[in-house]
Every structure is written in C-alpha cells, then in structure tokens.
Amino acid sequence: MSRKKNKNKPGIITVGGNFMAPGQKKPNVIVLTQPKRFGLDIADYMSAIRAAENVDFSRRYKLYDLYSDILMDTHLTCVIEKRKNAVLCSDIEFQVNGKPDETVNEQIRSPWFNKLIGDIIDARFWGFSLCQFYKEGEWVDYDLVPRKHVDPIKKLILRHQTDVTGLPWDKYTDLLFIGSPSDLGLLAKAAPWVIYKRNTTGDWSQFSEIFGMPIQEYIYDSDDEESRQRAMEDAANTGSLAQFFHAKDTEFKLTEAGNKTGSADVYERLCERCNNEISKLVLGNTLTTESSENGTQALGTVHKKVEDKVAQADKNYVLNVLNYDMSDIFARMGINTAGGVFCFPEKKEIDSTTKLNIITTLKSNFNLPVSDDYLYEEFGVEKPDNYEQIKKEREEQPPHNNIPVQAPETKEEKDPEPTPAQKKSFRNWIASFFGKAPSGDGAALDW
C-alpha cells in the first residue's frame with residue numbers, strides 16, 4: 001500500500017499543512033505548525049513548564065518547541081544518540097521455547113522495527129510516544145503522531161497545536177501509547193543546562209570579540225569633516241577589527257577586565273559544568289564522554305559500569321513494551337507472538353585463537369563431534385565445491401596410511417651370540433681400561 005493510498009484510508013491519522021497533498025481526498029487530521037527555535041531563555045522555559053503542567057488545560061506545544069530547540073545542542077544530541085545506540089546496536093530476537101522463530105524475526109529485522117525501537121527509547125526523553133500501525137503488503141509499518149498534537153492525559157488528538165479540545169484517540173485503530181501521561185521526559189531536566197550554556201557561550205563570544213582583538217582608533221579634528229571621511233575610508237580598507245572614531249577634544253577609554261584570562265575561565269568552566277550535568281542526566285556519568293584531570297582508569301571503569309546499567313534498564317523497558325503492550329498490535333497485524341518472547345540474546349565475544357583451542361580440546365579430550373559447516377562458517381574458510389567427494393575419499397583411506405608398519409622380529413633376525421674369542425677380547429679391553437689395583441698398604445691414606 002502506497003503512502004498516497006494510505007492517506008485516504010479511513011481511520012488513519014494524516015499529518016500535513018493547510019493544503020492537501022496531490023491525490024489526497026480528505027483534509028489532514030493534524031495541521032502542522034513550524035516550531036519556534038532560538039531566542040529562548042529561562043523565562044520561556046518556566047512558562048512552557050507551567051503550561052504543560054496546567055491541571056485543567058494542559059498544553060505542551062511550547063515545551064515541545066523548546067525541546068526541538070535544545071536538541072540543536074551538539075553535546076546533548078551526542079549523549080542521547082550514545083544512549084540510544086547502546087540498544088539499537090544490540091540484536092533483538094523473538095524466541096519460542098528458547099529457539100528463534102524465523103517468521104517473526106523476518107519482520108523485526110526490517111527498517112520499521114529498528115525505527116520503532118528508537119521511538120520507544122525517545123519516550124523516556126519526550127515523556128511519551130504515540131504510534132499508529134498499519135500494513136503495507138506483507139510488511140508492517142507505522143507513523144509517529146506529532147507529540148505537540150496529542151493530549152496524553154485526556155487522550156485527545158488535536159488538529160492544531162494550540163487547541164484545547166480534540167478528537168478522542170479511541171476513534172482511531174491500532175494505536176500504541178508508550179510512556180506515562182503526566183511525564184514530561186528527561187529533556188525537561190536537560191533544558192535549563194542547555195539554555196545556560198547557550199547564553200554563556202554567547203557572552204563568551206562577545207568577550208573574545210572585544211578583548212581578543214585590538215581596536216582601531218581614529219582621531220580627527222573637530223571642525224574638519226574631510227579628515228573624518230578620510231579616516232573612515234582608511235578604516236574600511238584595513239580589515240574587520242573593531243573601530244572607533246572620535247574628535248581630538250573627546251577622550252576614548254576602554255576599561256578592560258582585571259584578569260582577562262581568569263574571566264575567560266569563568267565562561268569555560270560554566271560551559272563544562274553544563275555539559276557534565278547533561279552527561280550525568282542522560283548517561284549517569286561523565287568520564288565516558290569527556291576526559292577529566294582527576295580521571296583514572298579505575299574510575300572510568302566504574303563510570304562505564306553505571307552506563308551499562310542504564311543501557312540494561314533501557315533494554316528492559318523496550319522488552320516490556322514489545323512483550324506486553326504490543327501483543328495485541330502484533331496480533332492485528334497478522335504476526336503470531338503467542339507463546340514466545342522478545343529478548344536480547346547474549347553473545348560471548350571470543351577471539352578466533354581461543355575458539356580454535358576450545359574446539360580442539362573438545363575434540364581431543366572429550367571426543368565431541370563438531371560440524372564441518374560450522375568450522376567453515378566460523379573461521380571464514382571457503383568450502384570446496386567437491387567437498388563431499390574429498391570427504392568420502394578420506395574416509396575410505398586406512399588410518400595412519402603414511403606411517404610404515406614394523407614387522408615383528410623372528411628368531412633368525414635376532415643378533416647372534418658372541419664367540420669365545422670375542423668375549424676374551426672384550427675382557428682384555430676392560431682390564432686394560434681400569435688397570436691393576438694396588439696391594440698391601442700402597443693405597444693407604446696418611447690419616
């Protein structure tokens with residue numbers, strides 16, 4: 001089913017502008033509005049929080065415009081992507097009685113499922129995600145309903161983001177709500193730090209512009225307009241430094257900060273503090289994203305363990321959504337998940353040398369058979385085309401066919417007995433070798 005046909009299907013939440021797309025027969029259910037970015041300060045943040053937490057008429061569009069704005073921050077985007085990638089880069093598998101089910105796994109290996117995992121994790125940052133599922137031929141797909149047009153507390157779909165009332169979302173089919181209705185997400189806690197850092201960076205930039213470069217000073221006679229014009233022309237041809245023109249009877253004085261280096265450190269330390277707070281909020285640590293003067297390998301290992309626990313919590317969150325909240329959605333989409341579970345299979349990382357030693361030990365000590373196909377695939381060796389023929393020929397050969405077999409000795413082949421002359425000659429050689437022992441007291445010691 002194409003997107004164009006999907007927009008005309010009853011029960012689908014269509015999204016767009018004030019004008020309908022080509023081929024669209026019905027107006028859009030949701031009319032989008034451009035988000036407001038930049039120029040936001042703490043006052044805007046506090047106003048957005050109050051509007052979102054209003055008990056009777058909760059409106060979140062200001063808050064979500066603020067979220068879209070702060071996600072332009074590079075550090076916040078980096079730590080969020082790092083946390084999401086810890087889950088997205090892990091394989092998810094559907095198993096029945098401990099064995100993979102290829103029918104379901106074929107669906108979850110498609111791009112829509114990977115995108116769904118990302119939106120499930122985004123619910124922890126935005127507060128919720130609302131998805132509508134549908135079929136496109138044999139494959140499942142879904143659309144993420146814009147969060148500014150959803151009232152999660154009253155379960156309404158808002159046509160315009162400023163509306164207070166809307167259509168109940170129970171009117172639409174195959175909707176999956178992820179998250180908590182009253183949760184504003186982790187971005188509500190990250191927003192003040194991004195705003196402070198952005199304003200501090202702006203002040204830092206002005207400080208660098210004023211005190212980081214020299215200022216061009218031009219002095220002219222008070223009653224000489226021609227000198228003034230000539231000074232301005234000279235300034236226009238000498239570069240882009242700050243310029244100041246004044247008459248001789250006026251005084252120009254630039255009051256600098258007492259310690260320019262120390263003043264610059266104030267801005268840098270505040271920006272660093274904001275980044276550290278964002279890292280601790282999203283990842284639970286700071287040393288896995290930035291270096292520190294007091295950082296050690298042991299401390300970094302501890303921080304990495306904390307980050308791994310955060311990733312494990314996200315995996316459990318994803319599995320709870322897939323195994324419980326999405327069971328009815330999978331059934332309506334024609335995917336049978338009854339009697340099985342979604343899981344993250346753990347794979348042991350073993351290098352090729354260690355793995356070869358293990359296989360050799362299992363074969364020699366325990367006589368365990370190992371599949372030839374497994375060895376070819378595991379070690380990346382190309383399987384010959386005439387593999388079956390070669391294997392059959394080797395099986396037909398007798399064992400140890402390259403080692404010569406020694407025949408037993410016969411009585412005739414044994415060494416002959418020495419003759420009496422040979423025995424006498426041998427005794428004479430022994431006697432000459434040792435010599436004659438002394439007799440009497442010739443060998444006595446003088447003790």
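Remember, predicted model here, so these are calculated numbers, not experimental data. By convention here, the first residue in the shown sequence is residue 1.
Between Y196 and W193, the ring planes lie perpendicular to each other; the angle is over 60°, past the 30° to 60° tilted range.
Taken from CD1 in I117 to CH2 in W112, the straight-line distance is 8.5 Å, to the nearest 0.5 Å. Rounding to the nearest 0.5 Å places CG of D41 at 11.0 Å from CZ of R198. Expressed to the nearest 0.5 Å, how far CG of D143 lies from CG of L130 amounts to 11.0 Å. Note that CD1 of I120 and NZ of K115 are 12.5 Å apart. Values are rounded to the nearest 0.5 Å. In this structure, I92 CD1 and F344 CZ are separated by 3.5 Å, a value rounded to the nearest 0.5 Å. Annotation: the span from S327 atom OG to R332 atom CZ amounts to 9.0 Å, rounded to 0.5 Å.
Residues satisfying the side-chain contact (heavy atoms from CB on, under 4.5 Å) criterion with V341, sequence neighbours excluded, are N323. In this structure, D151 has no side-chain hydrogen bond (donor to acceptor under 3.5 Å, both in side chains) partners at least two apart in sequence or on a different chain. With sequence neighbours left out, the ring-ring contact (aromatic ring centres under 6.0 Å, His included) criterion links F133 to Y142. Residues satisfying the side-chain contact (heavy atoms from CB on, under 4.5 Å) test with N336, not counting sequence neighbours, are A338. For K280, the side-chain hydrogen bond (donor to acceptor under 3.5 Å, both in side chains) criterion is met by E277, not counting sequence neighbours.
Between R59 and D163 there is no salt bridge, since none of the side-chain N atoms of the basic residue sits less than 4.0 Å from a carboxylate O of the acidic one. With respect to D314 and R83, a salt bridge is recorded, a charged nitrogen being found less than 4.0 Å from a carboxylate O. Using a 4.0 Å cut-off between charged side-chain N and carboxylate O, K148 and D65 make a salt bridge.
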Does the side-chain hydrogen bond (donor to acceptor under 3.5 Å, both in side chains) test come out yes or no for T14 and K26, once each step is laid out? CA-CA 9 Å; T14 55; K26 297 181 180 180; over 6 Å; no

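A donor-acceptor pair under 3.5 Å links the side-chain atoms of S58 to the main chain of A52, judged by distance alone.
Annotation: ring-ring contact (aromatic ring centres under 6.0 Å, His included) contacts involving residues 145-169, sequence neighbours excluded, comprise W169-F177.
With no hydrogens or angles considered, a side-chain donor-acceptor pair links S129 and R147 at under 3.5 Å.
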